[in-house]
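Let me begin by presenting the structure, written as structure tokens, before commenting on it.
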Amino acid sequence: MLKLAAAHLTDDPVLRDELADRAQLLSPLHRARAVELLGAAAAPAAATAPYEEILPPVPVPAPLAPSPRTVAETVELLAAVVNSRTAGVEEFERALDALVRHSHRDRAALAQALRPALAGRWWLDPEQSRYYTQELPGLEHVAAAIMDMPPTAEAQPALASWRADCHHTGLHSALHARVSEAAHRIMTRPLPFLLATPTVETGTLDARVLVARLAEYGRLGEDPAPADFAQALLRVRRDPAVAPQAAALGTPEGDRLAAWLGAAGQPVPVTRRTAPTVQYRWGGRTPARLVMDTAQRTTVLREFPPPFHELARARTADDRCWDGGGDTALLLSVLPEDRETLAAWGLPAVIADAVHEGRAGSAQLPLLAAAGGPAGPALHLAVATALGARHPEDRLRAVDTLLTLAARGDLDAVRLGGDLADLIGLGTVKPNRLADSLRTAAATGAYATTWAVLSAALPALLTGTADPRGAGDLLATAAECAEQCAATSPQPAGLADTAARGGRSRLVTQAARLRDALHRNAQTPAAH
């Protein structure tokens with residue numbers, strides 16, 4: 001383009017000034033030629049300033065507002081949640097806690113206020129209520145208990161007894177157990193408040209807050225409800241410094257919390273392996289792919305109520321993942337401090353986005369980026385796979401997750417780049433889709449982050465251990481990043497040989513561009 005501009009350039013000062021202004025957008029490789037052609041006005045004012053990476057603001061989960069203080073506010077919030085198809089974590093948890101609190105204070109007054117607000121619900125109709133033979137979903141089950149509308153027949157077997165090969169079943173079972181327990185206690189011995197109500201919108205519970213709640217239970221002479229306490233343990237942020245305070249409570253629950261804040265509550269490690277190609281009888285196939293398996297969580301199996309045991313059993317990639325239903329954020333709030341386990345469980349859906357016609361398998365990734373717990377091999381592999389998703393909206397979610405992890409200091413760029421190299425080698429991720437994702441990431445101003453990932457992924461493409469088709473697009477993105485962030489990294493293995501092949505293919509041209517950029521940056525690091 002600069003050659004074309006030079007051929008048609010005139011002495012028109014307005015045109016020259018406009019071109020000089022646009023030259024500010026050129027890569028460093030072309031800026032020197034632009035200055036020769038257009039004069040000093042084409043040189044960026046900040047050309048000698050150090051490079052500054054642009055990353056999104058670090059997400060800080062918002063604290064949950066207090067539960068509604070009045071019956072009227074509680075009824076209003078409950079009606080909003082019941083009539084909404086996607087209640088968020090905050091709305092659901094505040095409404096549940098408020099129902100429990102106000103039932104403890106004055107159940108009759110709450111029931112009286114609830115009837116007109118829920119008058120349109122089918123289970124309040126005498127003609128239809130006889131079909132109410134099992135527990136109602138969500139908060140309606142608690143509301144029914146408050147208004148003395150228990151089931152008219154035995155409840156059906158627990159949710160965990162069917163589709164036990166899907167991790168969503170375990171998450172639903174834990175949610176259901178806590179709601180069902182709260183409803184039962186309202187009709188027998190109402191709880192003063194819930195222990196597991198989170199302190200932030202992700203579902204995480206501050207350990208010091210849980211200690212204070214247990215202390216208040218002790219002062220009131222209340223025994224924690226098993227499912228509520230189990231959920232509280234799964235949500236608590238693991239802070240070993242709080243363990244002595246928990247042990248000082250002198251109660252069994254305090255001792256369990258102290259142990260959980262130590263070794264007992266640590267997530268089980270995930271195991272990476274390569275799953276072989278699966279050929280189906282009807283002709284379809286799933287190619288070889290990288291998967292994650294989770295081990296059994298013995299503490300949960302031994303000490304938690306049965307509805308939580310599905311969350312503790314070992315899972316492999318052979319498990320089928322059905323549609324989870326409900327709100328993703330609400331389900332993830334069951335394990336908000338264990339994103340590695342959630343990422344491993346959700347990986348099959350992410351793989352389906354990359355190798356089949358799947359959609360939205362990556363929907364949980366931005367939520368996991370903002371969640372707690374280690375960001376280890378499972379989350380990185382899920383992000384790497386989603387960067388090669390078939391549909392652009394899924395790739396964009398992966399880019400958002402990558403940038404959020406980088407902003408939080410949780411991104412291991414070498415691990416992610418290595419995963420990408422392996423996935424390209426298996427054919428799970430196509431280089432052209434990956435190039436689109438990483439161009440998008442770089443265009444936000446995250447050139448150094450994108451370069452760090454690419455520099456770890458490129459050797460496999462350049463040394464013949466992965467399919468090189470589309471490598472030219474990745475090299476173009478890598479060269480742009482190296483130019484913009486003045487990378488002084490060593491040249492990736494195979495780059496020099498690729499650039500020396502000769503010819504004018506995109507692969508060779510961009511390899512030479514990247515080689516020259518890295519050489520130039522290494523010679524003049526002080527200029528950047």
Side-chain angles (χ1 to χ4, degrees), residues 25-31 51-55 380 383-388 395-396 398-399 402-403 405-406 411-425 429-525 528:
L25 303 177
L26 291 173
S27 70
L29 177 66
H30 300 103
R31 286 174 188 164
Y51 169 76
E52 184 176 352
E53 183 85 341
I54 300 174
L55 292 171
H380 280 75
V383 173
T385 305
L387 287 170
R395 296 198 295 271
L396 187 58
V399 170
L402 185 159
L403 296 176
L405 291 175
L411 180 68
D412 184 336
V414 174
R415 181 195 294 275
L416 183 63
D419 285 342
L420 287 169
D422 292 340
L423 292 169
I424 292 172
V429 168
K430 292 180 170 54
N432 61 324
R433 295 178 186 171
L434 176 60
D436 175 72
S437 294
L438 294 182
R439 271 197 306 269
T440 301
T444 67
Y447 292 104
T449 298
T450 308
W451 163 249
V453 173
L454 273 168
S455 63
L458 285 176
L461 288 169
L462 299 174
T463 58
T465 58
D467 187 346
R469 288 176 297 180
D473 292 335
L474 286 172
L475 282 167
T477 302
E480 174 73 10
C481 290
E483 292 165 356
Q484 293 289 348
C485 72
T488 57
S489 313
Q491 293 191 12
L495 179 64
D497 290 341
T498 303
R501 288 180 188 175
R504 299 188 60 81
S505 69
R506 182 167 178 76
L507 176 67
V508 172
T509 300
Q510 295 302 323
R513 178 187 171 191
L514 175 58
R515 177 201 60 194
D516 294 345
L518 292 174
H519 178 74
R520 183 171 57 254
N521 294 341
Q523 295 300 313
T524 57
H528 300 281

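Note that the numbering runs from 1 along the sequence shown for the chain. As the structure is a prediction and not an experimental result, all values here were calculated from the model.
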Residues passing the side-chain contact (heavy atoms from CB on, under 4.5 Å) test with V399, sequence neighbours excluded, are L387, L403, S437, T440, A441
With a 4.5 Å limit on heavy-atom distance, are the side chains of L402 and T449 in contact?
-> yes
For the student: nearest non-hydrogen atoms of A471 and L507, plus distance | CB-CD1, 3.7 Å
L518 side chain near W451 side chain, heavy-atom distance below 4.5 Å = yes
Taking atom OG1 of T444 and atom CZ of R439, what is their separation to the nearest 0.5 Å?
-> 14.0 Å
Which pair of heavy atoms, one from L55 and one from A446, lies closest together, and at what distance?
-> CD2-CB, 3.9 Å
Going from CG on D419 to CD1 on I424, what distance comes out if it is rounded to the nearest 0.5 angstrom?
-> 11.0 Å
What's the spacing between Q491 CD and S455 OG if we round to 0.5 Å?
-> 12.5 Å
Rounded to the nearest 0.5 Å, what separation is found between the CG atom of L416 and the CG atom of L423?
-> 9.0 Å
Under the salt bridge (charged side-chain N to carboxylate O under 4.0 Å, His left out) test, residues paired with R415 that sit two or more places apart | D412
Of the non-hydrogen atoms in L458 and A478, which two are nearest, and what is the gap between them?
-> CD1-CB, 3.9 Å
What is the minimum heavy-atom distance between V429 and G388, and which atoms define it?
-> CG1-CA, 3.9 Å
E53 side chain to A448 backbone, donor-acceptor under 3.5 Å | yes
Do V383 and H380 touch side chain to side chain, with heavy atoms closer than 4.5 Å?
-> no
What residue among L462, T477, T509, L475 forms side chain to side chain contact (heavy atoms under 4.5 Å, CB included) with L514?
-> L475
To the nearest 0.5 Å, atom SG of C485 lies from atom OH of Y447 at 10.0 Å
Interatomic distance, CG@L454 vs OG1@T450, rounded to 0.5 Å, equals 7.0 Å
Minimal heavy-atom distance between A493 and T463, with the atoms involved, is O-CG2, 3.6 Å
Do the non-hydrogen side-chain atoms of P431 and L434 ever get within less than 4.5 Å of each other?
-> no
Please report the closest heavy-atom contact between G494 and T498, naming both atoms and the distance.
-> O-OG1, 2.8 Å
Quick one: which residue pairs count as a salt bridge (Lys or Arg N to Asp or Glu O under 4.0 Å) with a foot in residues 489-510, not counting sequence neighbours?
-> D473-R506
Does E480 pair with R513 as a salt bridge, N-O distance under 4.0 Å?
-> yes
